[in-house]
Amino acid sequence: MILVNKQAIQKEKVDPYFEQWEQLSTLIHEAHSERNNQARPLMEQGIALFEKCVLDCSETHEKTMKENEQYEVLPINGMERILFIKARPAQYACYRQLDELFKELKKRLARLRIK
């Protein structure tokens, strides 16, 4: 298991990830509403942002998440869920799933800070 990096999960260090996601999430939602085929590239940015946050908050120097690794900071079934999202990034259901992953990650990081 790849453990959490306690210094990297401080609120002021992780908040920018979630602020960036909020902005991106609005754009993705609009793209789905307008059906303008812009959701996929925006979702790919969101997936990259999620993975960067997970990696930056973990005791690893890897540049990409490894499918066969367990990350302490990931929410329940996080790896399976992110793989599902990566397989179908243009689908609205995947946008909703990524949004939920960001919410759960934020809560998990808060719990790990207290621990």
Side-chain angles (χ1 to χ4, degrees):
M1 174 176 281
I2 298 177
L3 300 175
V4 64
N5 178 347
K6 289 284 192 175
Q7 279 69 44
I9 62 169
Q10 299 309 312
K11 188 168 175 32
E12 53 278 352
K13 290 186 179 179
V14 295
D15 275 353
Y17 290 107
F18 299 105
E19 290 166 7
Q20 226 179 317
W21 170 247
E22 285 300 317
Q23 295 169 354
L24 200 50
S25 176
T26 301
L27 296 174
I28 295 167
H29 186 75
E30 289 171 5
H32 277 293
S33 294
E34 295 170 7
R35 299 181 192 273
N36 63 9
N37 295 327
Q38 292 302 307
R40 182 185 203 98
L42 293 169
M43 277 291 292
E44 288 168 353
Q45 289 177 37
I47 293 165
L49 180 65
F50 181 83
E51 288 186 337
K52 183 168 177 15
C53 183
V54 168
L55 291 169
D56 287 352
C57 292
S58 300
E59 292 283 348
T60 184
H61 297 293
E62 298 290 333
K63 298 292 182 212
T64 58
M65 287 175 60
K66 304 291 182 213
E67 289 181 30
N68 56 346
E69 289 286 354
Q70 290 183 337
Y71 296 83
E72 186 177 9
V73 299
L74 270 182
I76 295 172
N77 298 327
M79 185 57 73
E80 293 85 2
R81 292 159 69 189
I82 200 71
L83 292 173
F84 170 79
I85 293 164
K86 284 177 155 182
R88 304 163 190 86
Q91 290 185 358
Y92 183 77
C94 291
Y95 158 64
R96 296 298 313 137
Q97 188 66 236
L98 186 58
D99 191 48
E100 288 302 313
L101 275 175
F102 266 102
K103 289 175 186 174
E104 292 172 31
L105 178 62
K106 189 173 187 176
K107 290 177 192 174
R108 182 135 176 116
L109 293 175
R111 278 196 299 274
L112 288 168
R113 276 195 295 273
I114 294 168
K115 206 171 167 189

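Atoms considered below: every heavy atom in the structure, side chains included; atoms not considered: hydrogens, waters and symmetry mates. Predicted, not measured: the structure shown is a model, and the values here were computed from it.
- Counting heavy-atom neighbours within 6.0 Å of His32 NE2, excluding the residue itself, gives a total above 12.
- Of the possible polar contacts, one joining the Thr60 side chain to the Glu62 backbone as a donor-acceptor pair under 3.5 Å is found.
- Surrounding CD of Gln10 are more than 12 heavy atoms belonging to other residues, nucleotides or ligands, all under 6.0 Å away.
- The CD atom of Gln91 sits 6.0 Å away from the CZ atom of Phe84 when rounded to the nearest 0.5 Å.
- Proximity of Tyr92 to His29: side-chain heavy atoms (C-beta onward) are separated by under 4.5 Å at one or more points.
- Using a 4.5 Å cut-off on side-chain heavy atoms (C-beta onward), Leu24 and Phe102 make no contact.
- One finds the OG atom of Ser58 at 9.5 Å from the CD1 atom of Ile9 (value rounded to the nearest 0.5 Å).
- Nearest heavy atom pair, residue Cys57 against residue Val14, reads SG-CG1, 3.6 Å.
- One distance of note links NZ of Lys6 with CG of Leu112; it measures 6.0 Å at 0.5 Å rounding.
- For the pair Lys107 and Glu104, the salt-bridge criterion is not met [side-chain N within less than 4.0 Å of a carboxylate O].
- Within the 4.5 Å cutoff, the side chain of Glu51 has no heavy atoms near those of the Val54 side chain.
- With a 4.5 Å cut-off on side-chain heavy atoms, Met43 and Ile28 count as touching.
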Checking side chain to side chain contact (heavy atoms under 4.5 Å, CB included) for the pair Met65/Met79: CA distance, chi angles, key distance, verdict? CA-CA 9 Å; Met65 287 175 60; Met79 185 57 73; 3.5 Å; yes
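- The 12-atom threshold is not exceeded at CD of Glu67, counting heavy atoms of other residues, nucleotides or ligands nearer than 6.0 Å.
- Atom CZ in Arg40 sits 13.5 Å away from atom CD in Gln45 (nearest 0.5 Å).
- Using a 4.5 Å heavy-atom cutoff, the side chains of Lys106 and Tyr17 are not in contact.
- Side-chain contact between Glu22 and Glu19: absent, with no pair of heavy atoms (C-beta onward) separated by less than 4.5 Å.
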Are Leu105 and Phe18 close enough, and set up right, to give a side chain to side chain contact (heavy atoms under 4.5 Å, CB included), and what steps lead you there? CA-CA 10 Å; Leu105 178 62; Phe18 299 105; 4.2 Å; yes
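- More than 12 heavy atoms of other residues, nucleotides or ligands lie within 6.0 Å of CG in Asn36, so this atom counts as buried by the packing criterion.
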Test log, rule side chain to side chain contact (heavy atoms under 4.5 Å, CB included), inputs Asp99 and Arg96: CA-CA 5 Å; Asp99 191 48; Arg96 296 298 313 137; 3.3 Å; yes
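- A distance-only check finds a donor-acceptor pair linking the side chain of Lys13 to the backbone of Gln7 [under 3.5 Å].
- Taking the side chain as every heavy atom from C-beta outward, Arg81 and Glu100 approach each other to under 4.5 Å.
- Across Gly46 and Leu98, no two heavy atoms sit closer than the pair C-CD2, 3.8 Å.
- Cluster annotation: Leu83 and Ile85 are assigned to the same hydrophobic cluster (Ile/Leu/Val/Met/Phe/Trp/Tyr, side-chain heavy-atom contacts under 4.5 Å, transitive).
- When all heavy atoms are compared, the tightest approach of Leu101 to Gly78 is CD2-CA, 4.2 Å.
- For the pair Ala39 and Ala31, the tightest heavy-atom approach, listed with the atom from each and the gap, is N-CB, 3.7 Å.
- For the residue pair Pro89 and Glu44, the shortest heavy atom distance occurs at CG-OE2, 4.4 Å.
- Glu59 has its side chain out of reach of Glu72: every pair of non-hydrogen atoms, C-beta onward, lies at least 4.5 Å apart.
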